[in-house]
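Ligands are counted one by one from 1 in listed order, and the atoms in each one are counted from 1 as well.
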Amino acid sequence: MDCLFCKIIAGEIPSTKVYENEYVYAFRDINPQAPVHVLVIPKTHIASADEVTPENSAAVTHVFEAIPAVAKACGLTNGYRVITNVGEDGCQSVKHIHFHLLGGKQLPETMA
Ligand code: 5GP
Ligand code: ZN
């Protein structure tokens with residue numbers, strides 16, 4: 001499958017890892033929008049939040065179970081934001097579900 005994030009997980013494309021376990025990989029976004037901007041992804045391919053089903057939702061659970069450890073690894077002691085973009089209107093550019101972890105400053109209240 002020609003998927004950028006599957007290639008990052010496989011180590012075929014380099015990335016700056018901040019956390020990894022059996023199910024989850026977290027790495028620095030190449031174009032950070034905040035002092036801390038990390039992408040947290042499941043190691044299994046799901047295209048987007050719109051493709052989550054009872055059969056594959058454990059991958060998303062694993063991501064959320066890892067998020068506190070990712071935040072800790074990034075020194076986010078005062079909160080952060082988790083965002084997943086979906087499809088065209090959501091401006092999703094990479095079709096492997098990913099959760100943006102943003103923080104390291106007071107984030108703006110508005111998101112849309
Ligand atoms: P989306 O727009 O799909 O929600 O987010 C995709 C994110 O992936 C963007 O924030 C973009 O900067 C990041 N990104 C795209 N290509 C690469 C890459 O090759 N390496 C890393 N580390 N991040 C990438
Ligand atoms: Zn993928």
Side-chain angles (χ1 to χ4, degrees):
M1 194 190 308
D2 194 25
C3 170
L4 175 66
F5 287 174
C6 283
K7 287 178 181 163
I8 283 179
I9 291 162
E12 292 165 18
I13 291 172
S15 64
T16 305
K17 177 170 84 173
V18 298
Y19 176 89
E20 182 175 17
N21 68 25
E22 187 180 350
Y23 308 106
V24 172
Y25 189 71
F27 57 105
R28 304 258 176 217
D29 195 291
I30 206 167
N31 182 26
Q33 306 295 313
V36 174
H37 187 172
V38 167
L39 301 173
V40 190
I41 62 177
K43 289 187 175 177
T44 54
H45 182 91
I46 299 173
S48 79
D50 201 46
E51 303 290 325
V52 175
T53 65
E55 286 70 40
N56 67 19
S57 63
V60 178
T61 301
H62 289 308
V63 165
F64 275 85
E65 287 174 352
I67 279 175
V70 178
K72 197 170 179 196
C74 295
L76 294 172
T77 55
N78 201 39
Y80 49 87
R81 182 169 290 158
V82 181
I83 294 174
T84 190
N85 295 325
V86 181
E88 194 72 23
D89 282 1
C91 293
Q92 181 185 6
S93 61
V94 180
K95 309 304 187 219
H96 180 127
I97 192 169
H98 52 280
F99 297 84
H100 297 259
L101 195 68
L102 296 152
K105 68 169 188 180
Q106 177 68 64
L107 298 168
E109 258 186 65
T110 52
M111 282 192 288

So which heavy atom on Val38 is nearest to which on Cys74, and how close? CG2-SG, 3.7 Å
Looking only at distance, does Asn85 have an N or O less than 3.5 Å from an N or O of ligand 1? yes
Look at ligand 1 and say whether Gln33 reaches it with a heavy atom at a distance under 4.0 Å. no
Exercise: identify the closest heavy-atom pair between Leu102 and Leu107: O-CD1, 3.6 Å
side-chain hydrogen bond (donor to acceptor under 3.5 Å, both in side chains) with Lys43: of His62, Glu22, Glu20, only one passes, and it is Glu20
Would you name the N/O/S atom of His96 that lies closest to the Zn ion (ligand 2)? ND1
Within 4.0 Å of some non-hydrogen atom of Phe5, the atoms of ligand 1 are 8 (O)
State, to 0.1 Å, how close Ile46 and Ala59 come at their nearest heavy-atom pair, and which atoms those are. CD1-CB, 3.9 Å
Looking only at protein heavy atoms, which one is nearest to atom 1 (P) of ligand 1, and how far off is it? His98 NE2, 3.1 Å
May I ask you to check whether His100 and His98 place their ring centres under 6.0 Å from each other? yes
Of all N, O or S atoms in His45, the one closest to the Zn ion (ligand 2) is ND1
Check: Phe64 ring centre within less than 6.0 Å of Phe99 ring centre: yes
Does Phe99 approach ligand 1 within less than 4.0 angstrom via side chain, backbone, both or neither, non-hydrogen atoms only? neither
Answer yes or no for Ser15: is there a heavy-atom contact with ligand 1 below 4.0 Å? no
Between SG of Cys6 and SG of Cys3, what angle is found at the Zn ion (ligand 2), rounded to 10 degrees? 120°
Approximate separation, where rounding is to 0.5 Å, of Ile97 CD1 and Thr44 OG1: 9.5 Å
Just going by heavy-atom distances, which of Ile30, Val38, Asn31, Ile8 is nearest to atom 23 (N) of ligand 1? Ile30
So the atoms of ligand 1 within less than 4.0 Å of a heavy atom of Val94 turn out to be 3 (O), 6 (C)
Taking heavy atoms and a distance under 4.0 Å, where does Ser93 meet ligand 1: side chain, backbone, both or neither? both
Min N/O separation Leu39 to ligand 1 under 3.5 Å: no
Of all heavy-atom pairs linking Leu39 and His37, the shortest is CD2-NE2, 4.2 Å
Among Val70, Val40, Ile8, find the one that has a side chain to side chain contact (heavy atoms under 4.5 Å, CB included) with Phe27. Ile8
May I ask you to identify the nearest protein heavy atom to atom 12 (O) of ligand 1, giving residue, atom name and distance to one decimal place in Å? Asp29 OD1, 2.5 Å
Counting only heavy atoms closer than 4.0 Å, does ligand 1 sit against the backbone of Arg28, its side chain, both, or neither? backbone
Name the closest protein heavy atom to atom 16 (N) of ligand 1, giving the residue it belongs to and the distance to 0.1 Å. Leu4 CD2, 3.4 Å
Check the surroundings of atom CD in Glu88: do more than 12 heavy atoms from other residues, nucleotides or ligands lie under 6.0 Å from it? no
